Structures are given as C-alpha cells and as structure tokens.
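Every heavy atom of this structure was used, including side-chain atoms; hydrogens, water molecules and symmetry mates were not. Not measured: the values here are computed from a predicted model. Letters go in sequence order (proteins before strands), and every chain restarts at 1.
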2 protein chains.
Amino acid sequence: MSPQEQPVKEQRRTRQRAAVDEVLDETEDFISAQDLHAILRTRGMSVGLATVYRTLQTLADDGRVDVLRTAGGEAAYRRCARDEHHHHMVCRSCGATVEIAGPAVERWTNSVAKEHGYVDVSHTLEIFGTCPRCAAQSGGPAGR
Amino acid sequence: MSPQEQPVKEQRRTRQRAAVDEVLDETEDFISAQDLHAILRTRGMSVGLATVYRTLQTLADDGRVDVLRTAGGEAAYRRCARDEHHHHMVCRSCGATVEIAGPAVERWTNSVAKEHGYVDVSHTLEIFGTCPRCAAQSGGPAGR
DNA sequence: GACCTTTTGACAATGGTTGTCATGCTACAT
DNA sequence: ATGTAGCATGACAACCATTGTCAAAAGGTC
Ligand SMILES: [Zn+2]
Ligand SMILES: [Zn+2]
Ligand SMILES: [Zn+2]
Ligand SMILES: [Zn+2]
C-alpha cells in the first residue's frame with residue numbers, strides 16, 4: 001500500500017496556515033472548512049474562506065489531517081494523534097471521536113481485493129453512533 | 001440492528017418511477033441521479049430531474065437500493081443482488097462493482113462500539129481500486 | 001366521471017466547493 | 001537591507017449537486 005510516498009512538498013510559512021494549524025491542534029473533533037473559517041472570524045483572525053479550503057485540502061493530501069464525509073456530504077477534517085493508517089468512530093450527536101485501528105480489517109480488505117484481482121486499492125471505513133455521554137443524557141435507561 | 005422495520009410506505013405506480021426502476025435494473029454499476037436523468041433524456045423519456053432525485057432518495061430510504069458517496073462527494077445508487085447488509089468494492093476507473101460481505105468486519109465494528117460504550121451504531125465501508133480489466137488495459141506490466 | 005391525494009416538473013434557491021486573477025508576502029540571493 | 005521570483009492570498013464569481021416551491025397533472029377509488 002502507498003507505493004509512492006510523496007516527500008510532502010515544501011510549503012511557505014504564512015500567518016493563515018499557522019492559524020488553521022492552530023485551530024486544528026485545539027480541536028478534538030472533526031471540523032468542516034466552513035466551521036473552521038467561522039472560528040477564525042470569531043477570533044478576529046482574518047483568513048479568506050478559499051484559503052481555508054486550500055489549506056485543509058493540502059494538509060489532507062499530505063496526510064497530515066484525516067478527512068471524512070459527514071452524512072450531509074460535507075468534508076470534515078481532523079488532526080489525528082496516530083500517524084499510521086486508522087479509522088474513526090464518531091458520535092452523531094456531539095462529534096466525539098475515537099481513533100480505531102483494525103489490522104484484521106486491513107488484512108481482510110487486502111485479501112478481498114486480491115481475490116477479485118483489484119489493484120491499487122484503498123478504502124473508507126467509519127463507524128457512527130451515540131457516545132456514552134450523549135446516550136446517558138438523552139437516552140435514559142430505556143433509550144430511544 | 002434495525003429495530004423498527006418500516007413497512008415500506010405504499011406508493012403510487014407512475015410512469016416516472018417505472019422508468020427510474022428500469023434503468024436501475026439494467027445498470028450494473030453505481031449511478032448518480034444526474035447520470036440516471038441523462039440516460040432517461042437520451043431515451044427520450046421525459047422525467048424531471050427533481051423527480052429522479054426524489055425517487056432515488058425514497059428507494060434508498062426504503063432500502064431498495066444501496067447508496068454510496070463517490071470521491072467527489074456525489075451520491076450514487078445501485079440496485080443490489082443480495083438483500084442483506086453488505087459492502088462494495090468499486091473500480092475507480094470503470095465503476096465495476098463487486099458486492100462483498102464480511103461477517104468478521106461486522107462483528108469487529110460491534111465489538112469496538114461496545115468496548116467504547118457507543119450505541120445505536122452504523123457504519124460505512126467501501127473499497128476502491130482498479131479492476132482486473134482496467135488494470136490490464138492501462139497499467140501494462142510495468143504499471144503507473 | 002367526480003373527487004381527493006399524491007406526484008410531477010419547471011424553476012428558483014441553497015450551500016458547499018472550486019476557479020480567477022490582481023495583489024501580497026515568503027524565501028532566498030545579492 | 002534590498003531586490004526579485006514565484007507561491008500564497010482574498011474578494012468574488014462561477015460551479016454544480018441537491019433541495020424547496022407550488023400550481024398543474026395523474027393515480028386510485030367510489
Ligand atoms: Zn456524544
Ligand atoms: Zn483501514
Ligand atoms: Zn474497471
Ligand atoms: Zn457492514
């Protein structure tokens with residue numbers, strides 16, 4: 001997997017990129033470009049929306065942040081603790097995210113791909129649910 | 001999983017829905033609402049775009065077609081052979097789709113969820129790659 | 001056919017994302 | 001420090017998939 005490791009193209013240090021970076025560092029949950037931009041505005045930091053989009057996209061391309069598509073189809077970004085390939089379990093209600101690694105799943109996808117002759121494979125795997133905190137809050141003992 | 005099975009709300013039979021249904025029956029690969037609409041136009045069948053969207057959404061809600069989000073974020077639909085829960089391996093180049101079922105993966109997601117106290121969980125899992133045919137065509141022996 | 005309800009479709013509106021391009025700034029050499 | 005070359009930025013337009021609107025059309029029923 002990942003045959004050609006991009007050397008992560010050299011990038012210039014700019015105020016805007018630092019700002020985006022900072023928000024990402026402080027944010028536990030996945031965040032959309034729009035929301036990140038809103039936060040920057042709130043803080044009085046002026047950064048163009050297009051720049052936020054570009055910056056996040058670049059970070060994602062370089063594998064420096066993880067991306068996932070929300071149910072609504074929007075892209076959401078997150079700086080993750082571990083660097084290796086992994087997946088996420090996200091709370092639908094509060095966004096609480098747990099990073100999960102499943103070697104077995106990775107093996108399985110590879111074997112399935114090989115079995116059918118598919119090459120250059122990648123995959124997406126996300127788990128959505130309600131985290132314990134949110135479940136306790138709204139669900140009560142006899143949930144739903 | 002799926003505690004409340006919707007009895008699939010009664011629907012009226014209309015020319016438009018039949019048309020969409022027919023295309024879905026003939027189409028092996030995942031297809032977007034836009035593309036399906038285009039096909040209908042090609043065939044001279046006049047069906048409003050909004051209607052195509054509504055019809056596909058309804059079918060998806062009723063679980064009569066599977067949905068996935070393309071890399072570009074568009075929704076794509078497909079009538080699948082098996083009725084039970086399963087996933088897909090899709091060719092990035094030609095769209096060739098293989099239905100795959102992985103009991104182990106299902107068990108794994110459930111155990112992970114339980115382990116972290118997440119409830120009411122669902123998941124998405126898609127494999128993308130290049131099918132044997134497309135690989136042979138463009139890739140050649142010393143691919144890339 | 002009469003009648004009521006659902007469905008349709010043309011078009012506007014939405015909303016996330018990307019393209020444009022003149023201007024700004026970083027990095028680096030002088 | 002100054003100059004320069006080229007990447008980066010931002011305001012705004014453009015895109016494009018998807019959804020909302022609502023009067024007109026069609027399905028189902030008696
Ligand atoms: Zn939560
Ligand atoms: Zn994986
Ligand atoms: Zn193919
Ligand atoms: Zn599954």
- Under the ring pair (Phe, Tyr, Trp, His ring centres under 6.0 Å) test, residues paired with His123(A) that sit two or more places apart: His85(A), His87(A)
Length of the line joining [X]:[atom1] and [N]:[atom2], which is rounded to integer Å:
| X | N | atom1 | atom2 | answer |
| --- | --- | --- | --- | --- |
| Arg69(A) | dG16(C) | CZ | P | 13 Å |
| Leu59(A) | dA8(D) | CG | P | 12 Å |
| Asp61(B) | dT19(D) | CG | C1' | 14 Å |
| Arg54(A) | dG24(C) | CZ | P | 16 Å |
| Leu56(A) | dA8(D) | CG | C1' | 15 Å |
| Leu36(B) | dA17(D) | CG | C1' | 15 Å |
| Gln57(B) | dG20(D) | CD | C1' | 13 Å |
| His37(B) | dC11(C) | NE2 | P | 12 Å |

- Message: Any base atoms under 4.0 Å from Ser32(B), or only sugar-phosphate, or nothing? Heavy atoms, all strands.
- Response: nothing
- Output the residues of residues 73-80 of chain A in contact with DNA chain C, where contact means a heavy atom of the residue under 4.0 Å from an atom of the strand; sort by number or write none.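 When residues 73-80 of chain A is checked for heavy atoms under 4.0 Å from DNA chain C, the hits, listed by number, are Glu74(A), Ala75(A).
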Does the side chain of [X] get closer than 4.0 angstrom to OP1 or OP2 of [N] through an N or O atom?
| X | N | answer |
| --- | --- | --- |
| Tyr53(B) | dT18(D) | yes |
| Arg17(B) | dT7(C) | yes |
| Gln16(A) | dG24(C) | no |

- Message: Counting primed atoms plus P, OP1 and OP2 as sugar-phosphate and everything else as base, spell out the protein contacts along nucleotides 23-30 of chain D at 4.0 Å heavy-atom distance: B, S or - for each nucleotide, 5' to 3'.
- Response: ---BBS--
- Message: Report for the helix from dG1(C)-dC30(D) to dT30(C)-dA1(D): angle between first-end and last-end helix axes, five pairs each, rounded to 10 degrees.
- Response: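 The end axes of the helix from dG1(C)-dC30(D) to dT30(C)-dA1(D) are about 30° apart, to the nearest 10°.
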Heavy-atom closest contact ([X] atom, [Y] atom, distance):
| X | Y | result |
| --- | --- | --- |
| Val119(A) | Ala135(B) | CG2-CB, 3.9 Å |
| Ala71(A) | Arg69(B) | O-NH2, 3.6 Å |
| Ala113(A) | Met89(B) | CA-SD, 3.7 Å |

Could you work out, with salt bridge (Lys or Arg N to Asp or Glu O under 4.0 Å) as the rule, every residue matching [X], not counting sequence neighbours?
| X | value |
| --- | --- |
| Arg17(B) | none |
| Glu26(B) | Arg43(B) |
| Asp83(A) | none |
| Arg13(B) | Glu10(B) |

- Is there side-chain contact between Thr27(B) and Arg78(B), with heavy atoms separated by less than 4.5 Å? no
- Just checking, is any N or O donor in the side chain of Arg92(B) or Ser122(A) under 3.5 Å from an acceptor N or O on the other one? yes
Which atom pairs link the protein and nucleotides 12-16 of chain D when you take only N or O atoms and keep those under 3.5 Å?
none

- Message: Using the side-chain hydrogen bond (donor to acceptor under 3.5 Å, both in side chains) criterion, which residues pair with Thr14(A)? Sequence neighbours excluded.
- Response: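 Once residues adjacent in sequence are excluded, Thr14(A) has no partner under the side-chain hydrogen bond (donor to acceptor under 3.5 Å, both in side chains) criterion.
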- Query: Any donor and acceptor pair, going by atom type alone, linking the side chain of His37(A) with main-chain N or O of Val47(A) inside 3.5 Å?
  - Reply: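 Yes, the answer is positive, given that a donor and an acceptor are paired below the 3.5 Å cut-off.
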- Any chance you could pull the hydrophobic cluster mates of Leu68(A), using side-chain heavy atoms under 4.5 angstrom and chaining through other members? Phe30(A), Val90(A), Phe128(A)
- Message: Starting from Tyr53(A) and following side-chain heavy-atom contacts under 4.5 Å between hydrophobic residues (I, L, V, M, F, W, Y), which residues can be reached?
- Response: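 Besides Tyr53(A), the hydrophobic cluster comprises Leu49(A), listed by chain and residue number.
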